[in-house]
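Here's the structure, in structure tokens; my notes come after.
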Amino acid sequence: QVQLVESGGGLVQAGGSLRLSCAASGSIFRINFMGWHRQAPGKQRELVAGITSGGSTNYADTVKGRFTISRDNANNTLDLQMNMLKPEDTAVYYCWGGPSYWGQGTQVTVSS
């Protein structure tokens with residue numbers, strides 16, 4: 001069983017940056033696909049960035065060019081660098097290890 005714990009959320013002005021980190025209690029080496037989801041009030045949870053164990057990445061169109069996902073299999077961490085943040089990026093961000101490992105979420109609020 002792997003437990004995921006996020007950190008790094010907070011309040012930032014539009015145009016600013018935040019880095020989210022996810023620490024896993026166990027090895028993530030065998031988890032092929034990991035990612036970051038987000039859920040804004042009144043909206044469905046969506047996958048914003050994903051990465052395979054080999055390092056292949058994919059991004060939602062809304063964050064492409066602004067967010068960068070990375071993982072360190074040796075240290076069991078997953079990060080999300082978020083640049084040029086917009087108010088519409090405001091949401092609770094969840095670390096995810098496919099198919100069913102979830103973190104508790106961290107709030108990101110971007111003020112205009």
Side-chain angles (χ1 to χ4, degrees):
Q1 188 74 9
V2 174
Q3 292 184 331
L4 304 175
V5 178
E6 302 97 336
S7 61
L11 173 64
V12 64
Q13 288 188 329
S17 298
L18 282 175
R19 187 176 184 89
L20 304 183
S21 293
C22 174
S25 61
S27 174
I28 65 171
F29 180 76
R30 290 185 175 83
I31 302 176
N32 181 46
F33 197 72
M34 299 191 72
W36 288 91
H37 288 71
R38 69 185 180 189
Q39 187 166 19
K43 295 188 176 182
Q44 287 189 330
R45 192 173 295 190
E46 61 172 347
L47 177 66
V48 295
I51 186 168
T52 68
S53 58
S56 296
T57 59
N58 66 284
Y59 298 92
D61 288 343
T62 51
V63 307
K64 203 171 291 184
R66 301 188 296 122
F67 290 11
T68 302
I69 189 171
S70 60
R71 68 189 279 176
D72 184 338
N73 291 332
N75 291 305
N76 299 314
T77 58
L78 179 75
D79 290 343
L80 184 68
Q81 177 66 43
M82 304 185 295
N83 299 327
M84 297 182 287
L85 283 160
K86 304 176 181 180
E88 51 264 43
D89 294 318
T90 295
V92 178
Y93 284 70
Y94 297 90
C95 177
W96 171 71
S100 58
Y101 298 118
W102 291 94
Q104 82 287 354
T106 185
Q107 176 71 46
V108 171
T109 303
V110 184
S111 62
S112 57

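Atoms considered below: every heavy atom in the structure, side chains included; atoms not considered: hydrogens, waters and symmetry mates.
With sequence neighbours left out, the side chain to side chain contact (heavy atoms under 4.5 Å, CB included) criterion links T52 to N32, F33, S56. Scored by the side chain to side chain donor-acceptor pair (under 3.5 Å) test, K64 finds D61 as partners (sequence neighbours excluded).
Of all the heavy atoms in G8 and L18, the pair that sits closest is O-CD2, 3.9 Å. The minimum heavy-atom distance between V108 and G9, with the atom names listed, is CG2-CA, 4.2 Å. Scanning both residues, A24 and V2, for their nearest heavy atoms gives CB-CG1, 3.9 Å. The nearest pair of heavy atoms linking S53 to I31 is CB-O, 4.1 Å. Here the closest non-hydrogen pair linking M84 and G65 is CE-O, 3.7 Å. Residue S112 comes nearest to A14 through the heavy atom pair CA-CB, 4.4 Å, listed as atom of the first residue, atom of the second, then distance.
Both V63 and I51 are assigned to one and the same hydrophobic cluster, defined by single-linkage of ILVMFWY side chains at heavy-atom distances under 4.5 Å. No continuous path of ILVMFWY side-chain contacts below 4.5 Å connects M82 to V92, so the two sit in separate hydrophobic clusters. Hydrophobic clustering keeps V48 apart from Y94 (ILVMFWY residues linked when any side-chain heavy atoms are closer than 4.5 Å, directly or through intermediates).
Checked by atom type, the side-chain pair N83/Q81 shows a donor-acceptor distance below 3.5 Å.
Atom CG in N75 sits 11.0 Å away from atom OG in S27 (nearest 0.5 Å). With rounding to the nearest 0.5 angstrom, the OG1 atom of T109 is 4.0 Å from the CD atom of Q107. The line from CZ of F67 to OH of Y59 is 10.5 Å long, rounded to the nearest 0.5 Å.
Taking the six-membered ring for Trp and thresholds of 30 and 60 degrees, W96 and W102 have ring planes inclined between 30 and 60 degrees apart.
Q3 places no side-chain N or O within 3.5 Å of a backbone atom of S25 that could act as its donor or acceptor partner. Side-chain atoms of R71 come within 3.5 Å of backbone N or O of I28 as a donor-acceptor pair. The main-chain N or O of A74 is found under 3.5 Å from a side-chain atom of D72 such that the two form a donor-acceptor pair.
For the pairing with E46, the side chain to side chain donor-acceptor pair (under 3.5 Å) check across H37, R38, Q39 returns one residue only, R38. Considering T106, L78, L80, L20 as possible partners of E6, the one that fulfils the side chain to side chain contact (heavy atoms under 4.5 Å, CB included) test is T106.
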Handout entry: Steps toward side-chain contact (heavy atoms from CB on, under 4.5 Å) verdict (Y101, M34)
Key = CA-CA 9 Å; Y101 298 118; M34 299 191 72; over 6 Å; no
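Note on D79 versus R19: salt bridge recorded, some NZ/NE/NH1/NH2 to OD/OE distance being below 4.0 Å.
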